[in-house]
Amino acid sequence: MQSQQLIDDGIHKVVCDRGHKYTVELRAQKFEMLFDIAVNAIGDGYMREAVASFAASLERFYEFFIKYHIHSLGIDESILLNTWKEVSNQSERQLGAFTFLFLAKYNEKPQVLDSNAVKFRNKVIHKGYIPTEAEAIGFGDKVYSVIKGTAQKLELSEGKRLYSYSIASLCLVQKELSIRWRNSQKQSRWIIK
């Protein structure tokens, strides 16, 4: 079977060695996929791309946290999505929203990247710095620590509600994508991973 490039919608058309056509839906949160891409970039020798993907993973994790918290307050999904448009292209505003929602929920300051990690990220992303493997791995470790610490806290406090939201949010996005894809390709089989 031919290797496939990951694409944003998580729906991948695959043809096996015997010519069978399948569609594979990846069911993972965006931040998880981006983190995996970063790890693979290190394995492939692309350190700058690894840092960019680690940084994007963290930003998408903040988005996940924000949207979950707003959802858990009972705010209508359409209002949330309309409001998200105001900050969707501004990572500093997203970090601010995450920081204060975390504070409101847990009565403590969240773990975020330290100033050196932020400077390093900016140097790579905005100034074209090409990091060493050790620097890329070190940055990835810091991102992982932030995501893991916050995710564990969220899982402990939210449990089944978080799991249900996570599955529901994936299903909602993939249902829309599946309908679009089925309308264009009705003859393929579906595999859900």
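Keep in mind it's a predicted model, so treat the numbers as computed, not measured.
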Exercise. Which heavy atom of Phe35 sits nearest a heavy atom of Ser57, and at what distance?
Worked result: CB-OG, 3.6 Å
For this session: Taking the side chain as every heavy atom from C-beta outward, state whether Leu58 and Phe54 have any atom pair closer than 4.5 Å.
Result: no
For this session: Say whether, by atom type as modelled, one donor and one acceptor occur between the side chain of Arg60 and the main chain of Met33 under 3.5 angstrom.
Result: no
Problem set entry | Leu81 reachable from Phe64 in the ILVMFWY side-chain graph, under 4.5 Å edges | no
Exercise. Out of curiosity, Leu95 CG to Glu59 CD, how far, rounded to the nearest 0.5 Å?
Worked result: 9.0 Å
Exercise. Leu73, Phe98: one ILVMFWY side-chain cluster at the under-4.5 Å cut-off?
Worked result: yes
Exercise. Would you say Arg121 and Leu113 make side-chain contact, with heavy atoms under 4.5 Å?
Worked result: no
Exercise. Is Tyr68 linked to Leu156 within one hydrophobic cluster, defined over Ile, Leu, Val, Met, Phe, Trp and Tyr using a side-chain heavy-atom separation of less than 4.5 Å?
Worked result: no
Problem set entry | salt_bridge(Lys153, Glu108) N-O dist < 4.0 Å | yes
Problem set entry | Pi-cation contact, Phe102 with Lys109 (under 6.0 Å, within 45°) | no
Problem set entry | Rounded distance (nearest 0.5 Å) linking atom CD1 of Ile70 with atom OG1 of Thr83 | 8.5 Å
Exercise. Sub-3.5 Å donor-acceptor pair from the side chain of Ser53 to the main-chain atoms of Ile37, do we have one?
Worked result: no
Seminar exercise, completed: Taken in chain and number order and not counting sequence neighbours, the residues that satisfy ring pair (Phe, Tyr, Trp, His ring centres under 6.0 Å) with Phe100 are none
Exercise. Between Tyr106 and Ser157, is a side chain to side chain donor-acceptor pair (under 3.5 Å) present by the stated rule, with each step listed?
Worked result: CA-CA 9 Å; Tyr106 297 111; Ser157 67; 2.8 Å; yes
For this session: Output, in order, the C-alpha distance, side-chain angles, deciding distance and verdict of side chain to side chain donor-acceptor pair (under 3.5 Å) for Gln111 and Ser145.
Result: CA-CA 9 Å; Gln111 178 186 359; Ser145 178; 2.9 Å; yes
Exercise. Rounded to the nearest 0.5 Å, how far does NZ of Lys142 lie from CD1 of Ile147?
Worked result: 14.5 Å
Problem set entry | Gap between atom OH of Tyr129 and atom CZ of Phe120 - 0.5 Å precision | 6.5 Å
Exercise. Hey, are Glu135 and Lys123 close enough for a salt bridge, meaning a charged N less than 4.0 Å from a carboxylate O?
Worked result: no
Problem set entry | Backbone of Tyr46 reached by a side-chain donor or acceptor of Asp44 within 3.5 Å | no
Seminar exercise, completed: Rounded to the nearest 0.5 Å, the OG1 atom of Thr99 sits from the CD atom of Glu92 at a distance of 9.5 Å
For this session: I would like to know whether Glu133 and Ile42 meet side chain to side chain contact (heavy atoms under 4.5 Å, CB included); could you show each step before the answer?
Result: CA-CA 7 Å; Glu133 182 176 333; Ile42 289 173; 4.3 Å; yes
Problem set entry | Any donor-acceptor N/O pair, Gln94 side chain to Val87 backbone, under 3.5 Å | yes
For this session: Take Lys127 and Asn122 through the test side chain to side chain contact (heavy atoms under 4.5 Å, CB included) and record every step on the way to the result.
Result: CA-CA 7 Å; Lys127 298 195 183 219; Asn122 290 341; over 6 Å; no
Exercise. Under 3.5 Å, is there a donor-acceptor pair between the side chain of Asn40 and the main chain of Asp36?
Worked result: yes
Exercise. Under a 4.5 Å side-chain heavy-atom rule over Ile, Leu, Val, Met, Phe, Trp and Tyr, are Val51 and Ile130 clustered together?
Worked result: no
Problem set entry | Residues, nucleotides or ligands: over 12 heavy atoms within 6.0 Å of Asp76 CG | yes
Problem set entry | Same apolar cluster: Val118 and Val124, side chain cutoff 4.5 Å | yes
Problem set entry | Atom pair CZ/CD of Phe61 and Gln29 - distance to nearest 0.5 Å | 10.0 Å
For this session: Compare all side-chain heavy atoms of Glu77 with those of His71 and state whether any distance is below 4.5 angstrom.
Result: yes
